[in-house]
Amino acid sequence: MLTYEDLQLFIDGRSREPASRRRADVLDPADGHRITTMPLGDAADVDAAVAAARRAFDEGPWPRLAPRERGRVLTRVAALIREHADELVERESHDVGKPVTLARVVDVETAAQQYEHAAALAQTSDGAVRHIPIPSFAYTLREPVGVVGAITPFNFPLILSSTKIGAALAAGCTVVHKPADDTPLSALFMAKLLQQAGVPDGVVNVVTGTGADVGEALLRHRGVDKIAFTGSTAIGRHAASVAGEHLKPVTMELGGNGAHLVFADADVESAVGAVIKAFVFNTGQFCMAGPRLLVQRPLLETLVGILEQAVPGVPVGDPRDPATVVGPMAGDRHLKKVEEYVALARSEGARIVCGGERPRMAGPLAEGTFYSPTVITDLSPDSRVVQEEVFGPVLTVQAFDTEAEAVAMANATPYGLAAGLHTTDLARAHRVAAALQAGIVWVNDWALLDPAIPFGGVKQSGFGREYGPESLESYTRSKSVVVAMPPQAGDEGAGR
Ligand code: NAD
């Protein structure tokens, strides 16, 4: 069984014990064994981390480096991620229960790509000349916002921290990162890789611990200039209101409950692949999942029949087996939530087409938090199981008759993160994509993502965009400079 040395906070370029000396166990969700212990930071550690980040921003070299130099360092981070891929895969798999193949192909590779993208972005931050009708030379500069408090959730620890830290560093900001309460491994490992790549001490600090202690202290700290939050809508709402009291700019990447529309003219084979991917990917613990399947009525019975046959064949099992597609839920609290929603569906008279229970696992995996991919029909569209974010491998299926009805059903939840549709009618694809309330819409597939494509939510899924050039904007602000250019004698009118 894998175990690591006890973890330490990372502040001002050094590993250190938390001020409280308190620790919590980090458990492997595949079999419940203790991997290590993590420090439970508190406000005193946040103070120390913010002081280091503040110094690094106000006096240190990082914000003052030529953008190209920052880009070079970020390129080295990407190379180090690939060099240390095995260690990162191992950490992400034991911490979150991710299948190793997923962790390697998606998490580690995407993190490397995020830093590469950030390296390129670093060199694109610039301003613009503005021509105005007064004798002057007017231009804008983009400058880094300052110290960023980055708060991330449990489901993609490495990718989501890389997204925020990469873009923040590209902009010239410094960072205090708070990973999720129970998935600290990759964040603390990455802090050392960043240092090895040449990120100066104090520029990236990691404080682990609970949201109530570390997260709250970060939100309220006067030395933090911006909050970049990814997590649930409930906590995001709280975080935005606390940041609002302090007039701190925020980006909010929150929950989702994506609708996946299949029209009767769709290519059924490719739609089925996408439908399954959209709800089992990362064991359904995916903000951009598509857990609400909406099928045009003539195709309903056929599609449900195919899912009934295909879904039980999705390999669920040991995350260390390269053939595994669905690993355990990331922990007990996540498993219990899924079980409660499925029990609710049963109590409402729904039909459980497949799954609906924990699979039987052998040996140490019997202690793991596994749940079988589950397909549910015959639920009212108003059911909480349809309306809320279940965040597990659970798909609900509803029928629609017309395009207008499909769009109305798709938009009838408070969320608006991702959506998708399958059709062979090109005009319909564009029409429906425009009508869906979501930050990203996929046509004839699901989860096509790249660091160059901005993503973020609408409605209760948040605001602000990460990925793409938009990510740099959210870590910079515009400053206007207007230089008076009075006309010289004998030169009236010049420069107007
Ligand atoms: P969560 O909201 O419980 O926690 C997110 C982070 O907030 C954690 O680091 C947590 O410790 C911290 N936190 C908790 N209380 C806090 C407080 N009072 N002050 C400050 N910080 C606090 O979310 P989770 O369960 O870790 O992650 C799952 C959720 O994240 C889902 O809703 C999912 O949709 C969402 N998510 C969204 C995106 C996106 O890009 N939109 C990406 C991944 C996950």
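Start at 1 and go down the list; that is how both ligands and their atoms are numbered.
- The atoms of ligand 1 that sit less than 4.0 Å from any heavy atom of H238 are 18 (N).
- The closest protein non-hydrogen atom to atom 21 (N) of ligand 1 is G215 CA, 3.6 Å.
- In terms of polar-atom proximity, L254 is counted as a contact of ligand 1, with an N or O under 3.5 Å from an N or O of the ligand.
- Within the 4.5 Å cutoff, the side chain of H177 has heavy atoms near those of the T152 side chain.
- Taking a 4.0 Å cut-off on heavy atoms, G256 registers as neighbouring ligand 1.
- Taking only non-hydrogen atoms, the option from I235, T230, I227 nearest to atom 5 (C) of ligand 1 is T230.
- Not a single N or O atom of N155, backbone or side chain, sits closer than 3.5 Å to an N or O atom of ligand 1.
- A heavy-atom separation below 4.0 Å is not found between F156 and ligand 1.
- Those atoms of ligand 1 with a heavy atom of D181 less than 4.0 angstrom away are 10 (C), 11 (O).
- By the 4.0 Å N-to-carboxylate-O rule, R82 lies close enough to E109 to be salt-bridged with it.
- Other residues, nucleotides and ligands contribute more than 12 heavy atoms inside 6.0 Å of the CD atom of E245.
- Under a 4.0 Å criterion applied to the non-hydrogen atoms of S232, ligand 1 contributes the atoms 1 (P), 2 (O), 23 (O), 29 (C), 30 (O), 32 (O).
- In this structure the side chain of V204 reaches within 4.5 angstrom of the side chain of I165, judged on heavy atoms.
- Counting only heavy atoms from C-beta outward, the side chains of V311 and F279 approach each other to under 4.5 Å.
- Under the 4.5 Å side-chain criterion, counting only non-hydrogen atoms from C-beta, V397 is in contact with V375.
- Contact analysis puts A180 in contact with ligand 1, with a non-hydrogen atom separation below 4.0 angstrom.
- Residue contacts with ligand 1: T210 is placed with no nitrogen or oxygen under 3.5 Å of a nitrogen or oxygen of the ligand (distance criterion only).
- Classification of R14 and D201 as a salt-bridged pair fails, no side-chain N sitting under 4.0 Å from a carboxylate O.
- At a 4.0 Å cut-off, not a single heavy atom of G209 sits close enough to ligand 1 to count as contact.
- Here atom 22 (C) of ligand 1 lies nearest to G211 when heavy atoms of G211, P184, A234 are compared.
- Looking only at protein heavy atoms, the nearest one to atom 35 (C) of ligand 1 is G231 O, 3.2 Å.
- Counting the atoms of ligand 1 from 1 in the order shown, those under 4.0 Å from a heavy atom of E389 are 31 (C), 32 (O), 33 (C), 34 (O).
- Among protein heavy atoms, the minimum distance from atom 27 (O) of ligand 1 is reached at P153 CB, 3.1 Å.
- Residue F229 has at least one heavy-atom neighbour below 4.0 Å for each of these atoms of ligand 1: 7 (O).
- A salt bridge does not link R333 with D181: every distance from a Lys NZ or Arg NE/NH1/NH2 to an Asp or Glu carboxylate oxygen is 4.0 Å or more.
- Under 4.0 Å is where a charged nitrogen must lie from a carboxylate oxygen, and between R320 and D28 at least one such pair does.
- Annotation: side chain of V105 is not in contact with side chain of T110 (no heavy-atom distance under 4.5 Å).
- Considering only non-hydrogen protein atoms, atom 18 (N) of ligand 1 sits nearest to E216 OE1, 2.6 Å.
- For atom 26 (O) of ligand 1, the nearest non-hydrogen atom from the set F286, F154, Y415, F455 comes from F154.
- Salt-bridge formation is not detected for the pair R91/D95: no Lys NZ or Arg NE/NH1/NH2 atom is positioned less than 4.0 Å from an Asp or Glu carboxylate oxygen.
- Considering only heavy atoms from C-beta on, T36 stays 4.5 Å or farther from T3 through its side chain.
- The closest side-chain heavy-atom distance from T476 to V145 is not below 4.5 Å.
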With side chain to side chain donor-acceptor pair (under 3.5 Å) as the criterion, how do Q114 and H117 come out once you've worked through the C-alpha distance, each side chain's angles and the decisive distance to 0.1 Å? CA-CA 5 Å; Q114 290 291 5; H117 186 251; 4.9 Å; no
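- Those atoms of ligand 1 with a heavy atom of T152 less than 4.0 angstrom away are 6 (C), 8 (C), 9 (O).
- Taking atom 42 (C) of ligand 1 as the reference point, the nearest protein heavy-atom neighbour is C287 SG, 3.0 Å.
- Regarding atom 12 (C) of ligand 1, its nearest protein heavy-atom neighbour is I151 CG2, 3.7 Å.
- Near P179, meaning under 4.0 Å from any of its heavy atoms, are these atoms of ligand 1: 9 (O).
- Heavy atoms of V214 found under 4.0 angstrom from ligand 1: none, in either backbone or side chain.
- Taking any N or O of T233, backbone or side chain, none lies under 3.5 Å from an N or O belonging to ligand 1.
- Within the 4.5 Å cutoff, the side chain of S15 has heavy atoms near those of the K192 side chain.
- Polar contact with ligand 1: absent for H334 (N/O pair, distance under 3.5 Å).
- A cation-pi arrangement is present between K98 and F156 under the rule of less than 6.0 angstrom and at most 45 degrees off the ring axis.
- At least one N or O atom of K178, backbone or side chain, sits closer than 3.5 Å to an N or O atom of ligand 1.
- Heavy-atom proximity to L160, at under 4.0 Å, picks out these atoms of ligand 1: 42 (C), 43 (C).
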